[in-house]
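What follows is a single structure, written as structure tokens, with notes after it.
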Amino acid sequence: MIATLKPDCTLAEKAAIIRHIESHGLRVHVGDSGERPVVSIIGSPGPDLADELGGLDGVESVSLHAPSYPLVSLGSQPGPSVVKVRDVLVGSGPVVVMAGPCSVESAQQLEAVSDGVAASGAVMLRGGAFKPRTSPYSFQGLGLEGLELLRANGDRTGLGVVSECVAPEDIDLMVDYVDMMQIGARNMQKFRLLQAVGEQPKPVLLKRGLMSTIEEFLLAAEHAMAAGNPRADMCERGVRPFDSATRSTLDISAVPVLKERTHLPVLIDPSHAAGKRSLVPRLAAAGVAAGADGLLIEVHNDPEVALSDGPQSLTLEGFKETMGMIEAVAEAVGRSVARLG
Ligand code: PEP
Ligand code: MN
């Protein structure tokens with residue numbers, strides 16, 4: 001439920017409206033749809049609340065057809081959110097490129113990849129230290145050692161660091177090493193995990209679940225925001241395909257669809273969608289053309305020996321060429337690519 005307030009609603013009237021809603025055991029989010037203040041009711045309002053609110057001074061109208069994700073919905077903010085990750089502004093216009101290996105494997109590997117992606121224009125370093133692997137016998141990540149390597153290379157190159165968090169109990173450790181907490185596709189609906197990343201201070205990179213609808217994706221972001229974290233980016237990474245030609249099917253329409261529904265920045269991960277290196281540059285370019293605020297791209301200095309996702313990882317040279325393509329497409333659609341200050 002959403003109550004739209006009159007443009008001349010006084011502070012005292014607004015306070016009385018909020019008190020009334022809270023007296024029903026509900027929470028409120030006061031936003032601004034651009035013209036008028038909007039009060040979103042968070043929780044499950046009883047049947048009489050709409051009538052009661054309609055009778056209060058300062059209320060212009062009450063809508064029962066509010067989105068079920070009031071905090072992430074477009075109307076809850078004056079405009080699109082800009083999510084600050086260290087010095088990088090995601091959603092401010094220029095395309096933000098986050099790149100790095102699927103998994104952090106060794107000091108030598110991460111140093112080579114960090115230097116390579118920084119030289120080609122990435123502004124953030126990605127890399128998994130805790131890996132959610134389908135098989136328990138696959139490489140599970142270096143854990144703390146991986147986090148230390150990420151931090152060291154982030155500090156050395158100036159790249160911000162994003163890494164996946166797979167369990168609430170890892171957050172206290174991770175928060176000292178990463179600039180952004182990634183929630184992976186397999187965990188998009190782990191609600192306790194979403195709540196836990198919502199309660200910690202770093203911005204969240206939320207990836208779409210393999211079988212998730214857009215509504216479920218938005219509600220997952222709502223979980224993190226409802227727990228208190230105002231900074232989240234949403235990342236489309238492909239959904240379960242019916243055809244084995246690609247690893248997942250990149251839902252490019254997720255970009256404009258999400259842009260119509262949420263103020264949160266939207267990213268594209270062409271790597272996990274493609275599953276195949278040769279397809280990544282064009283999917284990345286498509287993301288830029290579709291209006292994505294950023295890209296998450298896997299890069300490895302020697303993909304043939306990568307411990308995870310080698311077939312979809314770009315070589316350093318391939319990443320450099322892809323950045324050239326991304327820049328050309330950005331320019332063609334009146335955009336630019338973010339650079340480190
Ligand atoms: C990853 O980014 O390495 C990853 C595991 O991605 P996803 O959760 O989208 O599969
Ligand atoms: Mn991966």
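Start at 1 and go down the list; that is how both ligands and their atoms are numbered.
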(request) Give me the one residue out of V85, L296, V117 that meets side chain to side chain contact (heavy atoms under 4.5 Å, CB included) with M124. (result) V85
(message) Give me the nearest non-hydrogen protein atom to atom 8 (O) of ligand 1 as residue plus atom name, then the distance to 0.1 Å.
(response) A185 N, 2.7 Å
(request) Identify, for atom 4 (C) of ligand 1, the protein heavy atom at the shortest distance, and state residue, atom and that distance. (result) H272 NE2, 3.3 Å
(message) So if I count the atoms of ligand 1 from 1 in the order they appear, which ones are less than 4.0 Å from some heavy atom of C102?
(response) 3 (O)
(message) Any heavy-atom pair between the side chains of L267 and V90 that's under 4.5 Å?
(response) yes
(request) Kindly confirm or rule out an N or O of D309 lying under 3.5 angstrom from an N or O of ligand 1. (result) no
(message) What I'd like to find out is whether the side chain of I41 reaches to under 4.5 Å of the side chain of L53, using heavy atoms alone.
(response) yes
(message) For E199, is the CD atom crowded, meaning more than 12 foreign heavy atoms sit under 6.0 Å from it?
(response) yes
(message) My understanding is that we take every heavy atom of each candidate and find the minimum distance to atom 9 (O) of ligand 1. Doing that for M98, R237, Q182, which one comes out nearest?
(response) R237
(request) Provide the number and element of each atom of ligand 1 under 4.0 Å from a heavy atom of R186. (result) 7 (P), 8 (O), 10 (O)
(request) For the pair D179 and R151, find out whether any cationic side-chain nitrogen is under 4.0 Å from an anionic carboxylate oxygen. (result) yes
(message) Just so I know, are the side chains of E215 and L219 near enough to count as touching, which here means a heavy-atom distance under 4.5 Å?
(response) yes
(request) Please say which of R237, E236, R208 ends up in a side chain to side chain donor-acceptor pair (under 3.5 Å) with S248. (result) R237
(request) Give the residue, atom name and distance (to 0.1 Å) of the protein heavy atom nearest atom 5 (C) of ligand 1. (result) E164 OE1, 3.8 Å
(request) Go through the structure and list residues passing ring pair (Phe, Tyr, Trp, His ring centres under 6.0 Å) with F139, not counting sequence neighbours. (result) none
(request) Could you find the nearest protein heavy atom to atom 6 (O) of ligand 1 and give me its residue, atom name and distance? (result) K207 NZ, 2.9 Å
(request) Determine whether any heavy atom of R208 lies closer than 4.0 Å to an atom of ligand 1. (result) no
(message) Under a 4.0 angstrom heavy-atom cut-off, which atoms of ligand 1 come close to G184?
(response) 8 (O)
(message) Of all the N, O or S atoms in E298, which has the shortest distance to the Mn ion (ligand 2)?
(response) OE2
(message) Is there a side-chain contact between I17 and V59 in this structure, where contact means two heavy atoms from C-beta onward sitting under 4.5 Å apart?
(response) yes
(message) Among the N, O or S atoms of D309, which one sits nearest to the Mn ion (ligand 2)?
(response) OD2
(message) Which residue and atom name correspond to the protein heavy atom nearest atom 2 (O) of ligand 1, and how close is it?
(response) R126 NH1, 2.7 Å
